[in-house]
Amino acid sequence: MTHLSVNLNKIGLLRNSRGRDYPNMIQMAERTLQLGAFGVTIHPRPDQRHATYQDAHDLKALLKAYPQAELNIEGFPDAQFLNVVLEVEPHQCTLVPDDPNQLTSDHGWNLSRDQDALRPVIAKLKQKGIRVVLFMDPVAENMALAKEVGADRVELYTEAYANAFGTDQAEEVLANYQQAAQAALTAGLEVNAGHDLDLQNVAALCDPGHITEVSIGHALTVEALDLGWDQVIKAYLEKLA
Ligand code: PXP
């Protein structure tokens with residue numbers, strides 16, 4: 001079984017667009033956990049346009065009532081992000097090499113270049129008992145170095161997998177992800193996966209049992225709209241009849 005961590009950034013985006021606390025992220029997190037999801041994820045960016053640093057504190061407080069569940073905070077390890085993570089002490093921190101203005105994460109770490117900067121950051125997080133994950137492209141040869149710099153897990157960046165899904169390249173691309181996952185396991189890491197996963201493509205990726213956790217936000221939110229839209233339109237029409 002692969003754990004589901006629901007990324008709540010899109011709830012934050014919707015909330016922030018109207019300047020009041022609706023939808024309420026904590027209520028959505030609670031519903032998510034009550035339904036049996038393993039955890040929740042946020043990716044607070046420096047401009048806090050989706051999840052905010054306050055959300056990190058509030059979610060950690062909520063999770064006290066759900067001792068079996070996990071909070072994953074992902075992001076670029078700048079000083080402010082690290083302060084928040086070290087204060088909040090989530091179960092897991094996923095380090096992502098995105099710059100502040102990036103629309104969304106779009107590449108993994110280049111560990112040959114970034115390892116010296118990452119080592120002390122990883123050590124500090126682990127000292128606090130926080131599991132550390134590095135967001136990585138699916139390149140099998142790079143997994144041993146992820147272990148060597150101190151990571152507990154890697155998160156495979158799955159946009160390429162999602163793009164290839166249902167095309168002639170799907171099998172080849174999936175095989176590449178399986179190789180990367182196997183290399184990570186061989187190196188002594190656990191494997192998470194995320195980005196552009198959805199109800200159609202997630203099972204094939206996770207089927208061989210290599211993936212410990214997926215974090216899913218964008219498609220999951222769109223799918224929730226899709227699955228709920230008709231019901232809500234009908235409910236309004238009834239009210240207005
Ligand atoms: N993993 C990382 C590192 C991310 O930045 C994101 C998007 O915030 C996700 C996973 C989830 O991707 P999606 O929103 O496409 O499900």
Side-chain angles (χ1 to χ4, degrees), residues 5-17 25 39-56 59 71-88 90-126 130-139 142-143 145-146 149-163 177 180 184 189 191-198 211 213-222:
S5 183
V6 174
N7 181 313
L8 296 168
N9 264 34
K10 288 285 141 62
I11 300 298
L13 181 70
L14 207 52
R15 174 197 59 197
N16 299 350
S17 72
M25 187 182 287
V40 289
T41 291
I42 53 168
H43 188 145
R45 291 196 162 80
D47 61 6
Q48 302 185 71
R49 64 186 187 270
H50 317 117
T52 65
Y53 297 121
Q54 186 58 45
D55 291 328
L59 287 169
L71 172 61
N72 174 43
I73 302 183
E74 55 184 37
F76 181 82
D78 61 18
Q80 193 176 16
F81 176 86
L82 279 178
N83 281 342
V84 172
V85 172
L86 291 168
E87 225 175 276
V88 168
H91 305 80
Q92 178 171 281
C93 177
T94 302
L95 301 175
V96 185
D98 57 355
D99 84 54
N101 298 318
Q102 230 166 277
L103 205 53
T104 183
S105 316
D106 65 5
H107 58 280
W109 288 101
N110 175 347
L111 293 181
S112 317
R113 187 192 61 202
D114 299 326
Q115 57 177 310
D116 291 344
L118 282 171
R119 279 177 207 276
V121 169
I122 294 171
K124 220 184 255 186
L125 292 167
K126 287 177 73 169
I130 301 166
R131 186 190 309 123
V132 179
V133 184
L134 293 178
F135 192 57
M136 298 289 289
D137 296 310
V139 180
N142 294 343
M143 298 303 146
L145 188 50
V149 300
D152 300 296
R153 291 186 187 178
V154 288
E155 179 183 337
L156 298 180
Y157 170 42
T158 47
E159 187 193 6
Y161 165 74
N163 286 343
Y177 276 84
L189 296 156
V191 184
N192 293 350
H195 224 285
D196 299 298
L197 296 177
D198 63 24
I211 311 289
E213 178 176 308
V214 288
S215 80
I216 309 184
H218 182 80
L220 183 149
T221 310
V222 176

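This chain uses plain numbering: 1 for the first residue, then up along the sequence.
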Taking the side chain from Trp109 and the backbone from Ala146, do they hold a donor-acceptor pair closer than 3.5 Å?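 Not at all, since once roles are kept as given, no pair shorter than 3.5 Å links the two residues.
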One pair to check against side chain to side chain contact (heavy atoms under 4.5 Å, CB included): Asp198 and Ile216. What are the steps and the verdict? CA-CA 7 Å; Asp198 63 24; Ile216 309 184; 5.9 Å; no
Run the side chain to side chain contact (heavy atoms under 4.5 Å, CB included) check on Met25 and Thr52 step by step: do they pass? CA-CA 10 Å; Met25 187 182 287; Thr52 65; over 6 Å; no
Evaluate the side-chain proximity of Leu111 to Met136: yes if any heavy-atom separation is below 4.5 Å, no if none is.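 Yes, side chains in contact.
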Do Leu71 and Val88 touch side chain to side chain, with heavy atoms closer than 4.5 Å?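 Of all side-chain heavy-atom pairs linking Val88 with Leu71, at least one is under 4.5 Å.
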Partners passing ring-ring contact (aromatic ring centres under 6.0 Å, His included) against His50 (at least two apart in sequence or in another chain):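 Scan of His50 (ring-ring contact (aromatic ring centres under 6.0 Å, His included), adjacent residues dropped) gives none.
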Intermediate values then yes/no, side chain to side chain contact (heavy atoms under 4.5 Å, CB included), Val214 and Thr158: CA-CA 10 Å; Val214 288; Thr158 47; over 6 Å; no
Of the non-hydrogen atoms in [X] and [Y], which two are nearest, and what is the gap between them?
| X | Y | value |
| --- | --- | --- |
| Pro44 | Ile73 | CD-CG2, 3.8 Å |
| Asn16 | Gln48 | ND2-O, 3.4 Å |
| Leu145 | Ser112 | CD2-N, 4.0 Å |
| Ala117 | Pro120 | O-CD, 3.5 Å |

Between [atom1] of [X] and [atom2] of [Y], what distance do you get to the nearest 0.5 Å?
| X | Y | atom1 | atom2 | value |
| --- | --- | --- | --- | --- |
| Glu213 | Thr94 | CD | OG1 | 7.5 Å |
| Leu95 | Leu134 | CG | CG | 6.0 Å |
| His43 | Asp98 | NE2 | CG | 4.0 Å |
| Asn72 | Leu8 | CG | CG | 11.0 Å |
| Glu159 | Leu197 | CD | CG | 11.0 Å |
| Leu118 | Leu125 | CG | CG | 10.0 Å |

For residues 104-115, pull every pair meeting salt bridge (Lys or Arg N to Asp or Glu O under 4.0 Å), keeping only residues two or more places apart or in separate chains.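 Passing the test, one end in residues 104-115: no pairs.
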Listed partners of [X] passing side-chain hydrogen bond (donor to acceptor under 3.5 Å, both in side chains), at least two apart:
| X | value |
| --- | --- |
| Arg119 | Gln115, Glu148 |
| Thr221 | none |
| His107 | none |

Check against side chain to side chain contact (heavy atoms under 4.5 Å, CB included), Glu87 and Val84: CA-CA 5 Å; Glu87 225 175 276; Val84 172; 5.6 Å; no
Of all residues at least two apart in sequence or in a different chain, which pass the salt bridge (Lys or Arg N to Asp or Glu O under 4.0 Å) check with [X]?
| X | answer |
| --- | --- |
| Arg15 | Asp55 |
| Asp47 | Arg49 |
| Lys124 | none |
| Asp196 | none |

Around atom NE2 of His91, are there more than 12 heavy atoms from other residues, nucleotides or ligands closer than 6.0 Å?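 Yes.
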Partners of [X] by side-chain contact (heavy atoms from CB on, under 4.5 Å), sequence neighbours excluded?
| X | value |
| --- | --- |
| Pro138 | Asn176, Tyr177, Ala180 |
| Asp78 | Pro46, Phe76, Gln80, Phe81 |
| Asn7 | Asn9, Thr41, Glu74 |

Anything under 30° is parallel, anything over 60° is perpendicular, the rest tilted; go ahead and classify Phe135 against Tyr157.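 Rings of Phe135 and Tyr157: tilted, as their planes differ by 30° to 60°.
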